[in-house]
Amino acid sequence: MGVHEKSDYRGSGSALGHLRCRIGLIFKTQLSPNPSKKLKKNAPFPPHPPNLRPPPPPPPRTPPNCLPGRRPTLRLRIRRLLLPLLPIQAQDRHHRLRQLRPSSLSSQSKLKIAIIGFGNFGQFLAQTLTSQGHTLLAHSRSDYSSVAKTLNVSFFQDPHDLCEQHPDVVLLSTSILSFADVLRSVPLQSLRRNTLFADVLSVKEFPKNLFLQHLPPHFDVLCTHPMFGPESGKNGWAGLPFVFDKVRVGETPSRIERCEKFLRIFEDEGCRMVEMSCEEHDENAVETQFLTHTVGRMLALLDLKDTPINTKGYEVLRQLKANTCKDSFELYKGLFMYNKNATELLDRLDAAFDSLKKELFENLHDVLRKQLFESPPNGLGNQGKQ
Ligand code: NAP
């Protein structure tokens with residue numbers, strides 16, 4: 001029985017009483033001559049069955065963080081009981097973990113990551129990456145030297161200089177529309193062989209195909225989409241979806257480990273990790289993302305006013321408009337042009353709007369027809385006849 005389930009223990013009367021009872025049971029079980037016997041509800045200390053010798057104790061198990069020869073399960077079991085009672089929310093817990101991080105992150109788990117495309121999203125990512133202790137380098141079309149300095153990132157105006165730093169990971173965070181040109185402009189010959197290339201584009205099949213066409217086979221490829229941005233992720237990334245597809249990762253342990261370390265960045269922030277093919281991502285994202293952005297952009301064209309009688313639903317619409325229009329129009333164009341499912345979605349949206357209008361206007365016609373043919377022309381009704 002888990003501690004969250006309803007207690008059957010008489011006399012405990014509270015979570016604390018229940019807990020004491022449970023801890024008592026564990027102590028008893030540990031000291032009992034028959035420790036392998038499972039406890040039943042309301043039968044805390046069952047006697048040995050008559051004429052049966054207690055079974056031999058199970059072979060000692062030593063969890064990785066316990067010394068051999070001790071009874072490791074006692075402490076762990078008490079901790080397991082206590083932890084769920086603490087009213088800590090996911091985000092708070094991650095905040096605490098982050099505070100512990102500098103001492104707990106060993107230098108071996110750190111990566112040297114080069115972000116190419118240091119605009120809105122690149123800078124947003126860099127903040128968390130540096131806070132985790134990774135070494136960050138950046139290059140962009142525009143000069144972001146001063147903002148990079150404030151983020152503890154080394155900025156390189158020349159991509160050759162950046163690549164000569166031999167990053168473990170090259171992370172492309174350029175606009176979807178400029179991705180092909182930017183990828184072609186990376187001086188691959190200056191990088192170490194088998195560098196890991198990753199991207200964060202909001203469409204996935206397009207960068208995957210370009211990576212595979214352009215990069216020699218000794219480079220690894222990881223396509224990702226953090227499905228949040230500076231607005232939705234401003235209070236932390238806990239619970240937010242992170243989609244990834246290990247498109248091509250070499251089989252040597254170091255290459256596998258490098259990819260895992262990169263993914264751990266997002267895992268450690270509490271992201272909901274979703275492994276999915278790039279094609280499947282685009283099929284899903286056309287609704288979760290392109291539709292959302294399209295509705296947000298349409299609402300922006302309507303110029304919705306703040307009124308004294310705003311409803312909750314109306315506020316949601318205004319918020320959607322605000323959130324989607326914070327992203328660049330170039331990003332929105334990319335969502336349309338480089339997701340092959342986007343045209344069909346627009347057609348479906350058109351058809352849905354037409355069918356709704358048709359239903360409304362047909363109703364209106366029925367009412368009008370009734371008025372025209374069944375009511376007297378002067379609108380006086382029965383009175384007019386008198
Ligand atoms: P964006 O408008 O999509 O991209 C801006 C970035 O692209 C800047 O770094 C910009 O460089 C670069 N860029 C644009 N045109 C370029 C060109 N012709 N040549 C070289 N570089 C060019 O805005 P973003 O929000 O920063 O997004 C970056 C990437 O992250 C996009 O692929 C987007 O799909 C993805 N993403 C964004 C979000 C989000 O919430 N914003 C969330 C998930 C994924 P300069 O600034 O140096 O000009």
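Here, residue 1 is the first one in the sequence, and each next residue gets the next number. As the structure lists them, so they are numbered: ligands from 1, and atoms in each ligand from 1. None of the values given here were measured: they were computed from a predicted structure.
Every atom of ligand 1 with a heavy atom of Asn120 under 4.0 Å away is listed here by number and element: 25 (O), 26 (O). Near Val200, with a cut-off below 4.0 Å to any heavy atom, the atoms of ligand 1 are 30 (O), 35 (C), 36 (N), 44 (C). For ligand 1, the atoms lying closer than 4.0 Å to a non-hydrogen atom of Phe118 are 9 (O).
When Ser328, Ser202, Gly117, Gly122 are ranked by how near their heavy atoms come to atom 34 (O) of ligand 1, first place goes to Ser202. Checking Gly233, Gly229, Ser140 against atom 11 (O) of ligand 1, the nearest heavy atom belongs to Ser140.
The shortest N or O to N or O distance between Phe121 and ligand 1 is below 3.5 Å. Any N or O atom pair closer than 3.5 Å counts here, and Gly119 shares at least one such pair with ligand 1. Among the atoms of His225, none of the N or O lies under 3.5 angstrom from an N or O of ligand 1.
At least one heavy atom of Tyr144 sits closer than 4.0 Å to an atom of ligand 1. Within the structure, the closest approach of Asp181 to ligand 1 does not fall below 4.0 Å when heavy atoms are considered. Using 4.0 Å as the threshold, Gly334 has no heavy atom nearer than that to any atom of ligand 1. Using 4.0 Å as the threshold, Phe179 has no heavy atom nearer than that to any atom of ligand 1. Residue Pro230 places a heavy atom less than 4.0 Å from ligand 1.
A donor and an acceptor atom, one from each side chain of Glu315 and Asn310, are located under 3.5 Å apart. There is a side-chain donor-acceptor pair under 3.5 Å between Gln157 and Asp143.
Residue contacts with ligand 1 for Ser178 involve side-chain atoms from C-beta outward but no N, CA, C or O (heavy atoms, distance under 4.0 Å). Contacts of Asp327 with ligand 1, taken as heavy-atom pairs under 4.0 Å, involve the side chain alone. Counting heavy atoms closer than 4.0 Å to ligand 1, residue Val182 contributes side-chain atoms (C-beta onward) but none from N, CA, C or O. At a heavy-atom cutoff of 4.0 Å, ligand 1 is contacted by the backbone of Pro226 but not by its side chain.
Paired with Asp168 under the rule side-chain hydrogen bond (donor to acceptor under 3.5 Å, both in side chains), one option of His134, Lys261, Arg192 passes, and it is Arg192.
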Inset, instruction - Run the numbers on Phe290 and Tyr332 for ring pair (Phe, Tyr, Trp, His ring centres under 6.0 Å), then give the verdict. - result: CA-CA 8 Å; Phe290 180 62; Tyr332 177 59; 5.6 Å; yes
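Taking the six-membered ring for Trp and thresholds of 30 and 60 degrees, Phe155 and His139 have nearly parallel ring planes, at less than 30 degrees apart. Relative orientation of the Phe118 and Tyr144 rings is perpendicular, given thresholds of 30° and 60° on the angle between their planes. Relative orientation of the Phe124 and Phe228 rings is perpendicular, given thresholds of 30° and 60° on the angle between their planes.
Summarising the geometry, atom NE2 belonging to His281 is positioned 9.5 Å from atom CG belonging to Leu201; distances are rounded to the nearest 0.5 Å. Here the straight-line distance linking atom CG of Asp220 with atom SG of Cys259 works out to 7.5 Å at 0.5 Å rounding.
In this structure, the side chains of Gln289 and Asn284 stay at 4.5 Å or more apart for every pair of heavy atoms.
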